[in-house]
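First up is the structure itself, then whatever we jot down about it.
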Amino acid sequence: MNSRIRFGVVVLAVGWIAGCEPTPMEYVLSDYSQQELRDDAQAQETLRAALVETFGTPETPLLPDAIKSAVDAKIIRSNADGLATGAKLYRHWCMHCHGLSGDGNGPTAPFLTPKPRDYRNGVFKFTSTAGLPTRMKPTRDDLMHTLLNGAPGTSMPSFRIFYDEPNYKGNLDAVLDYVILLSMRGETERAAVGTSTALGDPISTEMVREEAEGVAKSWVAANEKVVSPTKPKPAADPESIARGRQLYLTKGECAKCHGPLARGDGWDLDPNPDPTKNKDEWGSPAKPLDLTLGVYHGGARPLDLFRRIHDGVKGTPMAAQSVNLKEEEIWDLVNYVRSIPYDGPGAAATPSH
Amino acid sequence: MNKLWSLVFLPVPILCVALFAMAPGKGWWLPDNVSTFGSRVDDLFNLILGIVTVAFVATEGILIYCLYRYAGRGQRALFVHTNHSLELWWTLIPAGILVFIALYQFKTWRDIKVQGKFPADVAQKLSRDEPDVEVLAGQFEWRIRYPGKDGKIGTLDDVISLNDLHVPVNTNFVLRLRSRDVLHSFFLPNFRVKQDAVPGMTIPVWFQGTKEGTFDLFCAELCGWGHYKMRGRIIVQSKASYDAWLEESYEEQERDMAAVKTVAQTKTEVPQ
């Protein structure tokens, strides 16, 4: 009997000591870095240390001087304490899909289509910004719009009630600040490794700092590139919809990808598909949206659709049409696209009156 | 010494009953009831609680009595196999109670859940296929679709709300519940409404709010990793403010121009 009790105590003690030690939280190096630096353990270590020195750890994220321009432009609004709160809530709400490092590789991620966003290349699909480079950064408001409205048709839910509730006041802003920091950190890592490989220079803290400055500036630059329609949308009358249908099939080249019947099957019908076009920035299969569903990942407001057509969807084959199409033509397209789920893709091909 | 065990066990039933007795006064009891049929559900709950209390006190009493009475006699307990009359009674009495509960609750269940017995205006809305709103549960949010001006769901003027279910006060409100992916459960604790959302099924749910305010909407079926954040709100408001909210949401949904930020807006940082 005594030996049994002793055995039980030992088992409990072992479980207690071994099982309850919290695992230290650490950002992981990206696949890209690991690949590029695969023969150089020393460089990996230096990179890791330089990133910790610049951006901190998941528990104590830092606001380095290098990204001061983004802080001054109010792209990141929290101080270091606020970021720590944001990081904590990020782990509570976001990490199970987007991962501890913002690599879109949390424990739920393998089950999701489309995949959760990997922030680390600094590309976000749904932005109000346009211009060069084509992978223009979003504004802070764009990201908040996604947080508040989710991404319909994907697994990204809306967090609006946390924005309104007094208990959580300001916390969603802190989470967003932390997400932007993760994105900057990831892009800095990639840029530093890229520079080091290209120039043959060893990675240093100084190099990481310089790259971080550049990344922060690209966020600031995007703030100047917000595109908004200058005229309101015309009424969705049959003429406008018919013009939209014509543009869809011809000048806008929408049918090439989205298909003549708007089912997102343009590539499947193409006898000579372009193989470079089937992957997005993140290496996932890119799929033209089935427009008959009436579900738009980036939002369904006319303003959202205008921006998707005008500015493209960043990181995907959906290119900006701002040069190709005039503003009123884009509005006709918006009217047509919005009519598809309800009236069918061909309803306006022959105006009935 | 051996009698001590009965003293150790005695506080358990006493504390349990005391806890239940003081819970309502302490605010540890059921959430505020704000629906018309909520009190009927609560009555059923209290009835079952009463039956269970009697059974609990009786069994605990017998247990503790036996612990006290027969402790320390130095003899082993008798093992009795088969006692027909005893087994008959301990089967028949609980079975009788269960049958009683099943029959007694039937009218309440029928009035709330059985489609043929819905209130006339609710039944009429459903027969015209024009419910007040459609709730689409999905991992991990409530996507709530109002019919808009034409009264039809599934047209371009539908108003879509996320996690916020607005309903007018003192009006029968009927919704169509669906699921996009897995099982969810639409749970309004303050309304005593709980209904599973099943993929492939369209399930009508009705209720009437009696008090203005904001209450919780939860998912009550473990639906995946993000189940814990599948939270919403139900906002019960006057018909006028409900209509105003619908109108405002529609305006926002139809927005085609970026907001020109005024100085006041820039201060509160309204996201576009």
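Proteins come first, then strands; the chains are lettered A, B, ... in the order of their sequence lines, and each starts at number 1.
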#### Entry: Arg91(A) CZ: over 12 foreign heavy atoms closer than 6.0 Å
yes

### Query
Can you tell me how far CD of Glu141(B) sits from CZ of Arg160(A), rounded to the nearest 0.5 angstrom?
11.0 Å

### Message
Can you classify the ring geometry of His96(A) versus Trp225(B) as parallel (below 30°), tilted (30 to 60°) or perpendicular (above 60°)?
### Response
parallel

### Task
Write down the atom of Met257(B), the atom of Pro229(A), and the distance for their closest heavy-atom approach.
CE-O, 3.5 Å

### Task
Starting at OG of Ser155(A), measure out to CZ of Phe140(B) and round the result to the nearest 0.5 Å.
7.0 Å

### Task
Take atom CZ of Arg192(B) as the centre, draw a 6.0 Å sphere, and report whether it contains more than 12 heavy atoms from other residues, nucleotides or ligands.
yes

### Atom CD of Glu212(B): over 12 foreign heavy atoms under 6.0 Å
yes

#### Entry: More than 12 heavy atoms of other groups within 6.0 Å of Tyr68(B) OH
no

### Task
Report the option among Met230(B), Arg143(B), Arg180(B), Gln139(B) that has the most heavy-atom pairs separated by less than 4.5 Å from atoms of chain A.
Arg143(B)

### Summary
Closest heavy-atom pair, Lys229(B) versus Cys94(A), reported as atoms and distance to 0.1 Å, is NZ-N, 4.5 Å

### Task
Determine the option with the most heavy-atom pairs under 4.5 angstrom with chain A, choosing from Gly224(B), Gly154(B), Gly232(B).
Gly154(B)

#### Entry: Which atoms of Thr139(A) approach chain B - backbone, side chain, both or neither, heavy atom under 4.5 Å
neither

### Query
About how many Å separate CG of Leu156(B) and CG of Asn335(A), when rounded to the nearest 0.5 Å?
9.0 Å

### Message
Does any backbone or side-chain atom of Pro152(A) lie under 4.5 Å from a heavy atom of chain B? Answer side chain, backbone, both or neither.
### Response
both

### Query
Taking all atoms of both residues into account, what is the closest heavy-atom pair of Tyr228(B) and Trp93(A), and its distance?
OH-CA, 3.6 Å

### Message
Please classify the contact of Gln253(B) with chain A as side chain, backbone, both or neither, using a heavy-atom distance under 4.5 Å.
### Response
backbone

### Task
Specify the closest pair of heavy atoms between Asn149(A) and Leu162(B), including all atoms of both residues, with the distance to one decimal.
O-CD1, 3.0 Å

### Most chain B-contacting option - heavy-atom pairs closer than 4.5 Å, from Tyr342(A), Phe111(A), Phe162(A)
Tyr342(A)

#### Entry: chain B contacts, top residue of Lys231(A), Met156(A), Arg140(A) (heavy-atom pairs, under 4.5 Å)
Lys231(A)

### Query
Shortest non-hydrogen contact from Asp256(B) to Leu303(A)?
O-CD1, 3.7 Å

### Message
Is it the case that over 12 heavy atoms from other parts of the model lie below 6.0 angstrom from the NZ atom of Lys88(A)?
### Response
no

### Task
Would you mind checking which part of Phe306(A) comes under 4.5 Å of any heavy atom in chain B, side chain (CB onward), backbone (N, CA, C, O), both or neither?
neither

### Message
How about NZ on Lys115(A), more than 12 heavy atoms from neighbouring residues, nucleotides or ligands closer than 6.0 Å, or not?
### Response
yes

